[in-house]
Amino acid sequence: VSDALVVRGLPKSALLTPGIPALTTVDEAVMTHALIARLSSSSSSSKAPALEPRDAGSADAAGSAFVPRDVVVVTSEYHEARAAHLFGRALGHCTGLGVSLRRVHAVPDGRTSDLDDAAMRMRREHEVRALRMLRTEPNGPWLTFLQQHGGGAENGTRCVRRARTRQAS
């Protein structure tokens, strides 16, 4: 997806590199929450206002020099609904971050994948099942995150505004 963004004109400097070393979307959402919490804590302890550049020597290991106020998640089209759910919950107002998920931006599947139609259909079916499981029977790291941030097995969705989604053209 990052290559597709650069091809469409996004400066490479706008990407978080080397990225978040996650294995799953749950990892990405939870790690994004932790990164923003760490940046916010560092910013508040140094009394630096959000979105103001910090001293170059104080940038965190991920290279960020500011605390975002909102986040845009860019993902594959087939993955859009699950990403919106996870990041919406991980960055929702009930987590206390003071950050919002502005939107989930979906890159059409044909631009991010070389999968044939059958494989893409299997991916989409997997996404439907995975999202249902996250909403109805969260487990593992996701359940732990929800329990630590005002949710639980019922997922606490009442405290999260749904992220807008927009497909790339």
(message) Within this structure, what is the CE-CG distance for the pair Met31 and Asp27, rounded to the nearest 0.5 Å?
(response) 6.5 Å
(message) For a quick test of reading the model, state the closest non-hydrogen atom pair linking Thr25 to Ala83 and the distance between them.
(response) CG2-CA, 4.3 Å
(request) List for me each residue that meets salt bridge (charged side-chain N to carboxylate O under 4.0 Å, His left out) alongside Asp116, sequence neighbours excluded, and say none if there are none. (result) none
(message) Would you say Val30 ends up clustered with Met133 if hydrophobic residues are merged whenever their side chains have heavy atoms under 4.5 Å apart, either directly or through other cluster members?
(response) no
(message) Do Val99 and Arg69 have side chains that approach each other closer than 4.5 Å (heavy atoms only, starting at C-beta)?
(response) no
(request) Check the surroundings of atom CG in Asp70: do more than 12 heavy atoms from other residues, nucleotides or ligands lie under 6.0 Å from it? (result) yes
(message) How close do Leu97 and Ser40 get, counting heavy atoms only, and between which atoms?
(response) O-OG, 4.4 Å
(request) Just do the side chain to side chain contact (heavy atoms under 4.5 Å, CB included) check on Arg89 and Leu146 with the steps written out, would you? (result) CA-CA 8 Å; Arg89 183 62 181 86; Leu146 293 172; 3.4 Å; yes
(message) Nearest 0.5 Å, please: how far is NE2 in His85 from CD in Glu80?
(response) 14.5 Å
(request) Over all heavy atoms of both residues, which pair between Gly88 and Leu101 is shortest? Give the atoms and the distance, please. (result) N-CD2, 3.4 Å
(request) To the nearest 0.5 Å, tell me how far Ser76 OG sits from Met120 CE. (result) 7.0 Å
(request) Decide if the gap between the ring center of His33 and the ring center of Phe145 is smaller than 6.0 angstrom. (result) yes
(request) Report yes if some heavy atom in the side chain of Arg135 is under 4.5 Å from a heavy atom in the side chain of Arg82; otherwise report no. (result) no
(message) As an exercise, state the distance from CG of Leu134 to CG of Asn139, rounded to the nearest 0.5 Å.
(response) 8.0 Å
(message) For a 4.5 angstrom cut-off between non-hydrogen side-chain atoms, does Ile36 reach Val71?
(response) yes
(request) State, to 0.1 Å, how close Glu28 and Thr32 come at their nearest heavy-atom pair, and which atoms those are. (result) O-OG1, 2.7 Å
(request) Taking all non-hydrogen atoms of both residues into account, name the closest pair between Leu131 and Ala81 and its distance. (result) CD2-CB, 3.7 Å
(message) So which atom in Ala29 and which in Ala90 form the shortest heavy-atom distance, rounded to 0.1 Å?
(response) O-CB, 3.5 Å
(message) Contact between Thr75 and Val107 at the side-chain level, heavy atoms closer than 4.5 Å - yes or no?
(response) no
(request) Report the residues that fulfil salt bridge (charged side-chain N to carboxylate O under 4.0 Å, His left out) with Arg124, sequence neighbours left out, ordered by chain and then residue number. (result) Asp109
(request) Nearest 0.5 Å please: distance from the OG1 atom of Thr95 over to the CD atom of Gln148. (result) 12.0 Å
(message) Return the CH2 to CG distance between Trp142 and Leu86, rounded to the nearest 0.5 Å.
(response) 4.5 Å
